[in-house]
Amino acid sequence: MHRRRRRRGPPTPGPPATRNRRSPPRRPARATRDGRPERRVSTDALQREIARALAALGAPEGTSIVLERPRDPGFGDWTTNVAMTLAKPLGRKPRDIATELVGTLDLVAAGVARAEIAGPGFVNFRLDPGAQAAGITQVVNAPGTFGTGNAGAGRQVNVEFVSANPTGPLHAGHGRQAALGDAIATLLEWTGWRVSREFYYNDGGGQIENLARSVWARLAQQMGIDATIPEGGYNGEYINEIAAAILADRGSELVRSTIEEGARAIAAGQRPHEAGLLDRLRVEAVRALRREQDLDMQAFGVRFDTYFLESSLYRDGQVDRTVAALRKAGHTFEQDGALFLRTTDFGDDKDRVMRKSGLKGGEYTYFVPDVAYHVTKWERGFTRAINVQGADHHSTVTRVRAGLQALEMGIPKGYPDFVLHQMVTVMKGGEEVKISKRSGSYVTVRDLIEWVGRDAVRYFFLMRKGDSQLVFDVDLARQQNEENPVYYIQMAHARMCGIFRVGEVDREQLRATGADVLALVEPEEQLLVKAILDFPALVAGAAEALEPHRIANWLLETARLAHTWYHKHHVLGEPEPVMRARLVLARAAQVALRNGLAILGISAPERM
RNA sequence: GCGCGAGUAGCUCAGCUGGAUAGAGCGUCGGCCUCCGGAGCCGAAGGUCGUGGGUUCGAAUCCCGCCUCGCGCACCA
């Protein structure tokens with residue numbers, strides 16, 4: 001799919017803004033692996049009581065008690081495997097330990113209705129249905145913060161993504177990266193990190209040179225002069241458009257004569273000596289393409305806090321400083337006229353060239369500014385940095401990290417984090433849309449947005465984990481029915497809103513107490529309640545793993561439960577306590593769906 | 001050849017960092033329904049989790065070998 005992409009972005013920094021900051025709910029001392037803020041009250045009590053009972057049983061100090069949701073709801077609301085993990089240390093059978101544990105437990109103090117032993121030694125706990133539902137009152141009472149956490153504790157993190165070369169429009173692969181990077185950034189914001197979204201722009205190097213020469217050739221052709229796109233150049237129609245724009249603007253005789261000379265030089269495989277004109281074309285072309293890419297990202301609803309230019313690294317001496325530091329640290333050597341970095345000292349399988357030999361032009365290779373760039377991230381105070389890239393660039397991972405280690409400036413070994421995603425295939429009209437590198441034709445982000453809309457593009461790029469190759473089914477994405485997962489989820493949200501609209505109840509003003517939801521006893525209601533209450537832990541887990549697809553899956557499942565509930569039970573017109581309880585549930589479901597969609601950058605319409 | 005990723009139901013994919021009888025959607029088969037807002041709902045069939053070992057109370061999940069597919073392996077970015 002995407003070939004020579006990646007490598008980063010346009011200008012105008014802005015204040016290192018943070019968005020979507022939410023007040024940080026605290027997390028339990030160490031309840032479950034991921035903490036379940038909304039259930040904290042009940043699990044903390046349960047946790048404490050189990051710890052007390054285990055101590056009485058003679059369990060070793062510091063035995064970790066893991067409370068989990070059983071996969072099968074038939075097993076109860078919470079389960080623990082301590083009896084099995086203690087089997088070895090205590091030298092007893094898991095079920096015997098479990099039996100004694102249950103006998104010692106004070107169920108009332110633990111806040112559970114029932115405890116039972118099952119399978120090889122699980123202890124399952126069932127909460128009172130009313131107590132279970134009580135959790136959702138917190139959702140309606142504090143809808144804005146539902147799902148937020150504070151694992152980040154206000155620390156700074158830099159998320160770099162898209163970072164396309166300014167050599168062409170953004171294609172489907174960039175779209176996946178934009179959706180992924182933006183969602184990861186939002187996930188981190190929701191869990192208490194101060195996030196800066198960054199786009200690194202490779203506005204130097206050989207690719208840009210090829211771009212300038214390609215524009216030159218098209219310009220010449222448009223003026224009726226014989227010229228060909230150079231080897232490694234760009235053939236896309238957009239080059240013609242850029243050339244046409246330049247021509248319309250400055251097609252003077254002077255320009256014409258210089259172009260003629262330049263075209264002859266290029267044809268002879270030489271660099272045109274009218275470097276001034278080539279430089280101008282480069283500037284024009286880069287500016288035009290950056291503007292296009294900006295418009296694409298804007299249409300996609302992605303905003304960056306910082307656009308970082310590779311050229312600035314040269315201009316302000318960061319590249320030279322980095323090279324000097326690497327030499328000083330003693331990990332460089334010269335060979336065959338080139339300067340090498342001994343990256344093999346840091347896990348690379350081969351030493352890498354930093355500065356090309358004179359024969360090859362004597363310039364720095366891309367990886368030097370890359371290292372210099374990451375040094376600036378560190379120096380700008382980002383103790384954590386995440387790079388979202390296509391898997392076709394995974395070879396840079398070791399290289400950049402090795403370069404940072406070689407500097408011996410205290411940057412951690414795994415810095416930065418990398419999130420790599422696999423390729424994208426676009427299906428349309430039942431067949432794969434082939435890309436042609438030669439002709440420069442491929443599916444752009446803008447094409448996709450025009451075909452199916454921003455929301456669907458986002459969802460389809462986020463519904464699979466990054467490790468999997470992704471098939472983007474345009475025909476499915478544009479459907480306006482339940483087969484389309486985006487439509488299905490948004491419809492669930494709209495339905496919840498519809499209840500309030502028809503009932504003429506202001507859902508924003510709705511507040512609840514535990515007593516209000518005691519009537520939520522139907523199985524469909526219990527399932528929906530559970531799914532909603534799982535949301536905060538889900539967000540925490542997805543943020544930690546940097547896996548937004550978990551949110552997408554949860555949304556689909558929760559939407560399903562909401563539809564099921566909606567079809568089976570009525571809200572309006574029911575007796576007062578039931579209607580009241582169901583309104584609370586409808587509101588909680590609406591809030592949970594809305595917040596989940598917000599993390600993925602997808603709108604939550606009130607009606608469809 | 002080396003590195004990374006993937007291999008789970010007919011198809012597309014989940015599987016929450018080692019748990020109980022491996023799940024969902026679509027498709028197939030059988031039945032029900034027409035209700036705040038739109039054909040939705042219930043059930044069934046369908047699996048040697050690529051494969052062979054190992055680790056342990058317990059493996060789709062962790063380790064090793066092999067097979068298949070994708071991506072990468074530049075003095076390109």
Side-chain angles (χ1 to χ4, degrees), chain A residues 1 3-8 32-34 66 68-72 74-75 79 81 83-85 87-88 93-94 118-122 124 163 165 167 202 204-208 210 232 310 335-340 349-350 352-367 369-370 390-398 420-423 425 463-469 471 473 476 480-483 485 488 491 494-495 498-503 534 537-538 540-542 544-545 547 549-550 552-554 556-557 560 563-564 566-568 570-574 586 607-608:
Chain A
M1 192 85 248
R3 213 37 6 132
R4 295 281 88 104
R5 73 113 164 331
R6 155 205 179 52
R7 248 69 254 223
R8 327 32 149 73
T32 63
R33 191 171 26 253
D34 36 28
V66 178
E68 290 180 316
R69 292 247 117 120
R71 192 192 317 236
D72 182 345
F75 291 126
T79 186
N81 63 353
M84 286 178 288
T85 57
K88 183 161 277 184
K93 291 181 186 165
F122 289 99
N124 297 331
S163 294
N165 279 337
T167 55
N202 262 72
Q207 300 301 332
I208 300 298
N210 286 337
E310 180 192 359
Q335 185 182 308
D336 305 330
L339 180 66
F340 282 74
D349 52 5
K350 175 177 176 185
R352 304 292 170 178
V353 172
M354 292 171 60
R355 199 194 55 232
K356 304 176 195 174
S357 62
L359 289 171
K360 297 278 186 174
E363 298 140 352
Y364 290 121
T365 59
Y366 74 93
F367 119 89
D370 237 26
D392 53 343
H393 284 96
H394 81 258
S395 60
T396 65
V397 174
T398 348
L420 304 179
H421 69 266
Q422 298 291 325
M423 310 292 101
T425 315
M463 65 197 284
R464 305 285 179 238
K465 63 180 171 194
D467 290 336
S468 316
Q469 289 178 41
V471 178
D473 186 337
L476 177 60
Q480 297 288 306
N481 60 40
E482 295 74 11
E483 283 179 44
Y488 188 78
M491 183 68 188
R495 271 189 163 151
I499 293 169
F500 288 90
R501 187 168 53 249
V502 173
D534 277 342
L538 176 91
E544 192 187 340
E547 290 183 347
H549 78 276
R550 295 188 194 183
N553 288 331
W554 174 89
L556 190 56
E557 174 64 17
R560 231 191 75 224
H563 281 300
T564 302
Y566 176 87
H567 275 285
K568 193 140 184 179
H570 277 227
V571 176
L572 304 177
E574 296 292 313
R607 55 203 315 168
M608 300 187 66

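Chain A is the first sequence line, chain B the second, and so forth, proteins listed ahead of strands; every chain is numbered from 1.
- Side-chain contact between A:Met354 and A:Arg352 is absent, with no heavy-atom pair separated by less than 4.5 Å.
- Atom P of nucleotide B:C75 and atom CG of A:Leu339 are separated by 13 Å, given to the nearest angstrom.
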| request: Report the C-alpha separation of A:Leu476 and A:Glu483 in whole Å, then their side-chain angles, then the decisive distance to 0.1 Å, and conclude whether the side-chain contact (heavy atoms from CB on, under 4.5 Å) test is met. | output: CA-CA 7 Å; A:Leu476 177 60; A:Glu483 283 179 44; 4.2 Å; yes
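- Using a 4.0 Å heavy-atom distance criterion, A:Thr79 is classed as a base contact.
- Summarising the geometry, atom NZ belonging to A:Lys93 is positioned 16.0 Å from atom CE belonging to A:Met84; distances are rounded to the nearest 0.5 Å.
- Residue contacts shown for A:Asp336 include a base, since a base heavy atom lies under 4.0 Å away.
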| Intra- and interstrand pairs of RNA chain B - dot-bracket, Watson-Crick/G-U under 3.5 Å, | marks other strand | (((((((..((((.....[...)))).(((((.......))))).....(((((..]....))))))))))))....
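- Among the protein residues, A:Met491 comes within range of the nucleic acid bases, having at least one heavy atom under 4.0 Å from a base atom.
- With a 4.5 Å cut-off on side-chain heavy atoms, A:Val502 and A:Leu572 count as touching.
- For the pair A:Leu339 and A:Val353, the minimum side-chain heavy-atom distance is 4.5 Å or more.
- Side-chain contact between A:Met491 and A:Met608: present, with at least one pair of heavy atoms (C-beta onward) separated by less than 4.5 Å.
- Contact of A:Thr365 with B:C75 (side chain to base): no donor-acceptor pair of N or O atoms is detected under 3.5 Å.
- Within the 4.0 angstrom heavy-atom criterion, base atoms lie near A:Ala118.
- Contacts of A:Met354 with the nucleic acid, taken as non-hydrogen atoms under 4.0 Å apart, are absent.
- Here the P atom of nucleotide B:G19 and the CE atom of A:Met84 are 10 Å apart, to the nearest Å.
- Side chain of A:Ala545, nearest nucleotide from B:C71, B:A77, B:U17: B:U17.
- Following rounding to the nearest Å, A:Asn481 (CG) and B:G40 (C1') show an atom-to-atom distance of 13 Å.
- Minimum atom distance to the side chain of A:Tyr566 is reached by B:C36, of the listed B:C36, B:C42, B:U12.
- The CD1-C1' distance, from A:Ile208 to B:A77, rounds to 9 Å in whole Å.
- Look at the P atom in both B:C49 and B:A22: the space between them is 10 Å, to the nearest Å.
- Every residue meeting the ring-ring contact (aromatic ring centres under 6.0 Å, His included) condition with A:Phe340, not counting sequence neighbours, appears here in chain and number order: A:Phe333.
- By the side chain to side chain contact (heavy atoms under 4.5 Å, CB included) test, A:Ser357 pairs with A:Ala338, A:Leu359, A:Lys360, sequence neighbours left out.
- Using a 4.0 Å heavy-atom criterion, one finds that A:Glu482 contacts the sugar-phosphate atoms exclusively.
- When all heavy atoms of A:Ala118 and A:Asn124 are compared, the pair lying nearest together is CB-ND2, 3.6 Å.
- Glycosidic conformation of B:U55 is anti; the angle lies outside 90° of 0.
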Using nucleotides 25-35 of chain B, report all nitrogen or oxygen pairs with the protein that are shorter than 3.5 Å.
{"residue": "B:C35", "atom": "O2'", "partner": "A:His570", "partner atom": "NE2", "Å": "3.0"}

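- Atom name C1', nucleotides B:G27 and B:A45: the rounded distance is 12 Å, in whole Å.
- Comparing the C1' positions of B:C11 and B:C71 gives an interatomic distance of 24 Å, to the nearest angstrom.
- Atom CZ of A:Arg501 is separated from atom P of B:C36 by 14 Å (rounded to the nearest Å).
- Of the residues near RNA chain B, A:Lys360 and A:Pro120, the one whose nearest nucleotide (by heavy atom distance) lies more toward the 5' end is A:Pro120.
- Here B:G72 is the nucleotide among B:A77, B:C75, B:G72 with the atom lying nearest to any side-chain atom of A:Asp392.
- B:G15 atom P lies 11 Å from atom CG of A:Leu538, rounded to whole Å.
- One P atom belongs to B:C26, the other to B:A44, and the distance between them is 16 Å to the nearest Å.
- You'll find the side chain of A:His567 reaches within 4.5 Å of the side chain of A:Arg495, heavy atoms only.
- On the P atoms, B:C62 is 12 Å away from B:U17, given to the nearest whole Å.
- In terms of position along RNA chain B, the nucleotide closest to A:Ile499 lies nearer the 5' end than the nucleotide closest to the other residue of the pair A:Ile499 and A:Tyr364.
- The same atom, C1', is picked in B:C4 and in B:C42; the two are 46 Å apart, to the nearest Å.
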I'd like a list of close polar pairs between nucleotides 2-6 of chain B and the protein, N/O only, cut-off under 3.5 Å.
{"residue": "B:G3", "atom": "N2", "partner": "A:His394", "partner atom": "NE2", "Å": "3.0"}
{"residue": "B:G5", "atom": "O2'", "partner": "A:Gln422", "partner atom": "NE2", "Å": "3.4"}
{"residue": "B:G5", "atom": "O2'", "partner": "A:Asp467", "partner atom": "O", "Å": "2.8"}

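- Nucleotides B:A9 and B:G46 place their P atoms 14 Å apart, quoted to the nearest Å.
- Across all strands shown, A:Lys350 has heavy atoms under 4.0 Å from sugar-phosphate atoms exclusively, and none from any base.
- If you take CZ of A:Arg352 and C1' of B:C75, they are 12 Å apart, rounded to a whole angstrom.
- Here the C1' atom of nucleotide B:G37 and the OH atom of A:Tyr488 are 15 Å apart, to the nearest Å.
- Between A:Ala586 and A:Ile499, the shortest heavy-atom contact is CB-CD1, 4.1 Å.
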| What's the verdict on side-chain hydrogen bond (donor to acceptor under 3.5 Å, both in side chains) for A:Glu310 and A:Asn202, showing C-alpha distance, side-chain angles and the deciding distance? | CA-CA 5 Å; A:Glu310 180 192 359; A:Asn202 262 72; 3.0 Å; yes
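- Within 4.0 Å of A:His549, counting heavy atoms only, lie sugar-phosphate atoms of the nucleic acid but no base atom.
- Comparing B:C36, B:C16, B:A77 against the side chain of A:Asn202 picks out B:A77 as the nearest.
- A 4.5 Å side-chain heavy-atom check between A:Arg464 and A:Gln469 finds every atom pair outside the cut-off.
- Contact check for A:Pro485 versus A:Met463: side-chain heavy atoms found under the 4.5 Å cut-off.
- For B:G19, the base is not stacked against the aromatic ring of A:Phe122, per a cut-off of 5.5 Å between centres and 30° between planes.
- Every residue two or more places apart in sequence or in another chain that forms a ring-ring contact (aromatic ring centres under 6.0 Å, His included) with A:His563 is listed here: A:Tyr488.
- Distance check on atom P: B:C64 versus B:G18 gives 16 Å, rounded to whole Å.
- The side chain of A:Asn81 lies closest to B:G19, out of B:G19, B:C36, B:U12.
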